Amino acid sequence: MSHEKNCGAGLVADSLTDLLLGRRAAEGRGTGRAERPPAVTRVNGSGVPGVTAAAHPGLEILAIGAWEGEPLGLEPLVGLPHLRTLTACPGTLADPLEIARLDGLKIMDLANEILALRNRPPITRTVVEADLGPVG
């Protein structure tokens with residue numbers, strides 16, 4: 001079955017939290033999914049044309065894929081209230097240190113607290129360290 005065909009499934013909540021709290025996707029926003037920006041966005045050569053175009057208050061997950069233009073800055077993402085996940089292919093970020101300004105990405109701490117309450121192993125955290133040269 002093609003991943004591009006609709007088989008009757010539909011969005012019922014904007015996030016798992018919203019679903020658990022009973023907040024339906026259409027509350028206060030009309031009835032159609034197309035009326036609000038997507039919570040998950042992919043920036044790449046054939047998708048959304050940059051970080052600025054992807055940034056909006058409801059953005060939760062941003063994936064930066066293959067990118068042939070200039071490396072991208074993350075400034076438009078600073079302060080987004082729901083951004084929790086960022087993935088980026090090597091060489092796509094103008095300044096990887098900008099990631100430190102995205103406070104909402106610290107969701108892993110909360111997830112590990114929840115896992116600990118259920119006596120489950122924590123999510124493995126991988127820290128990549130590198131010398132990025134002098135700060136310019």
Side-chain angles (χ1 to χ4, degrees):
M1 179 181 302
S2 171
H3 68 279
E4 295 185 15
K5 291 193 179 187
N6 183 338
C7 297
L11 183 69
V12 294
D14 291 327
S15 67
L16 178 58
T17 302
D18 286 344
L19 179 65
L20 294 174
L21 294 175
R23 297 187 300 226
R24 298 292 183 200
E27 281 184 9
R29 287 182 250 141
T31 58
R33 182 177 182 175
E35 294 178 18
R36 67 182 169 282
V40 178
T41 301
R42 289 169 182 78
V43 171
N44 56 44
S46 62
V48 176
V51 173
T52 301
H56 62 83
L59 183 65
E60 293 183 33
I61 300 171
L62 179 64
I64 301 173
W67 187 256
E68 294 183 17
E70 290 292 317
L72 302 165
L74 300 177
E75 180 65 31
L77 304 177
V78 174
L80 291 182
H82 300 291
L83 183 66
R84 59 183 164 78
T85 304
L86 170 70
T87 60
C89 287
T92 58
L93 299 180
D95 182 4
L97 296 177
E98 286 183 311
I99 294 171
R101 297 181 60 207
L102 305 177
D103 295 332
L105 297 181
K106 297 175 183 169
I107 193 94
M108 187 183 300
D109 295 332
L110 176 60
N112 280 337
E113 287 179 33
I114 294 169
L115 289 169
L117 291 172
R118 303 278 187 211
N119 295 318
R120 306 285 303 180
I123 298 169
T124 303
R125 184 182 303 245
T126 302
V127 177
V128 177
E129 295 183 23
D131 180 6
L132 300 175
V135 176

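Computed from a predicted model, the values in this text were never measured in an experiment.
In plain terms, the two heavy atoms of Trp67 and Val48 that are nearest each other are CZ3-O, 4.2 Å. When all heavy atoms of Thr92 and Ala88 are compared, the closest pair comes out as OG1-CB, 3.5 Å. Nearest heavy-atom pair, Gly73 versus Pro76, reported as atom, atom and distance to 0.1 Å: O-CD, 3.9 Å. When all heavy atoms of Glu75 and Glu98 are compared, the pair lying nearest together is N-OE2, 3.8 Å. Ala54 and Leu59 get closest at one heavy-atom pair: O-CD2, 3.7 Å. When all heavy atoms of Arg84 and Ile61 are compared, the pair lying nearest together is NH2-CD1, 3.5 Å.
Judged by distance alone, the side chain of His56 and the main-chain N or O of Pro38 form a donor-acceptor pair under 3.5 Å.
We find the CG-CG distance between Leu77 and Asp103 to be 12.5 Å, quoted to the nearest 0.5 Å. Atom CG of Leu93 and atom CD1 of Ile99 lie 5.5 Å apart (nearest 0.5 Å). Here Ile64 contributes atom CD1 and Leu86 contributes atom CG; the two are 5.5 Å apart, rounded to the nearest 0.5 Å. We find the CG-CG distance between Asp95 and Leu72 to be 12.5 Å, quoted to the nearest 0.5 Å.
A single hydrophobic cluster is seen to contain both Val78 and Val51, as judged by linkage of ILVMFWY side chains at heavy-atom distances under 4.5 Å, directly or through other members. Linking Ile, Leu, Val, Met, Phe, Trp and Tyr residues whenever their side-chain heavy atoms come within less than 4.5 Å leaves Leu102 and Val40 in two separate clusters.
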